[in-house]
Amino acid sequence: MVGALEDSNKNLIDYFYVPKAKDIRPVYNGASCGINEALWSPNFWLPTAKSALRVLDFGYFSVDIDLGEFFLNFPLDEILRQFSGIDLTPFVELLAGLDFVLFKDTDGLFKVRWSRCWMGCKPSPFFAIRFYYWAEEFARGHHLDANNSLRW
């Protein structure tokens, strides 16, 4: 998820961490770093619980696929990676024991480039949904293949 520092890292994303069980989860704040002002994402419809229930009948089931949980699974567009730097200077001692290479930048900070969709980035929901449907199409296989059990 994190790439090595490159000289073309043009922006640092604000972030904070949230303790979750025995783990720490970073939350990237795209709203405060100013990058969203320069980004565009298409409008698209997402069902609400109310609109999804209207199409169900007795004996039907529905699943909530929380796409917010998917963000870290899908890659960020290559152009946006150069504007998605994060400063890991406060965590250098924690990362020293891992198989992880950190490079000190010219300003003395240990910065890396984030390469996955992040919360707060305006087009992240669009990227996550697009990649999800590509993955689903790949998993289902070709619908005309007689050996494909998912063809129906």
Side-chain angles (χ1 to χ4, degrees), residues 1-49 51-52 61-145 148-151:
M1 284 193 224
V2 178
L5 171 73
E6 296 182 24
D7 292 335
S8 59
N9 204 358
K10 296 176 171 58
N11 186 46
L12 286 178
I13 304 167
D14 296 329
Y15 67 94
F16 57 93
Y17 66 91
V18 176
K20 192 167 186 176
K22 295 181 180 179
D23 199 4
I24 294 175
R25 304 285 170 95
V27 177
Y28 300 95
N29 188 357
S32 68
C33 69
I35 195 168
N36 279 334
E37 296 170 16
L39 296 176
W40 174 85
S41 69
N43 291 328
F44 56 94
W45 178 83
L46 285 175
T48 63
S51 65
F61 296 94
S62 178
V63 158
D64 174 23
I65 53 169
D66 187 2
L67 292 175
E69 298 291 327
F70 288 174
F71 283 6
L72 300 179
N73 294 323
F74 298 115
L76 188 63
D77 192 84
E78 188 67 37
I79 295 171
L80 290 176
R81 291 180 191 183
Q82 62 185 324
F83 299 101
S84 299
I86 55 174
D87 177 18
L88 294 179
T89 306
F91 307 105
V92 169
E93 292 179 15
L94 294 172
L95 297 171
L98 302 174
D99 186 19
F100 193 85
V101 180
L102 284 176
F103 300 98
K104 189 179 275 193
D105 197 12
T106 55
D107 56 3
L109 300 176
F110 290 92
K111 294 189 271 187
V112 293
R113 179 181 290 185
W114 191 254
S115 63
R116 299 293 178 168
C117 291
W118 40 275
M119 303 298 268
C121 182
K122 192 187 298 185
S124 282
F126 172 71
F127 292 153
I129 290 169
R130 181 182 61 180
F131 281 114
Y132 169 78
Y133 282 120
W134 284 347
E136 184 180 47
E137 185 177 335
F138 177 79
R140 287 184 186 210
H142 196 276
H143 68 283
L144 296 178
D145 182 5
N148 182 2
S149 59
L150 299 175
R151 70 182 180 273

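These numbers were taken from a predicted model, which means no experiment stands behind them.
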Ile86 side chain reached by Trp118 side chain, heavy atoms, under 4.5 Å = no
note = Between Asn148 and Gly141, the two heavy atoms sitting closest are ND2-C, 3.5 Å
query = If every non-hydrogen atom of Pro125 is compared with every non-hydrogen atom of Cys121, which pair is closest and at what distance?
reply = CD-O, 3.8 Å
Donor-acceptor contact present, side-chain Lys122 to main-chain Leu39, <3.5 Å = yes
query = Would you call Tyr132 and Glu136 a side-chain contact if the rule is heavy atoms closer than 4.5 Å?
reply = yes
message = Check this for me: Glu37, atom CD, are more than 12 non-hydrogen atoms of other residues, nucleotides or ligands nearer than 6.0 Å?
response = no
ask   = Taking all non-hydrogen atoms of both residues, which atom of Asp87 and which atom of Phe110 are closest, and how far apart?
value = OD1-O, 3.3 Å
request  = Drop me the distance from Leu76's CG to Ser124's OG, to the nearest 0.5 angstrom.
outcome  = 6.5 Å
inquiry  = For a quick test of reading the model, state the closest non-hydrogen atom pair linking Leu109 to Thr89 and the distance between them.
reply    = CA-OG1, 3.4 Å
remark   = Note: Ile79 and Phe83 closest approach over all heavy atoms is O-CD1, 3.6 Å
note = Distance col, row Ile13:CD1 vs Lys111:NZ, nearest 0.5 angstrom, shows 12.0 Å
query = Nearest heavy-atom pair of Phe74 and Phe131: which atoms, and what distance?
reply = CD2-CB, 3.1 Å
Atom pair NE2 (His142) and CD (Glu137), whose distance is rounded to the nearest 0.5 Å = 9.5 Å
note = Value for CZ (Phe126) from CG (Asn43), rounded to nearest 0.5 Å, stands at 11.0 Å
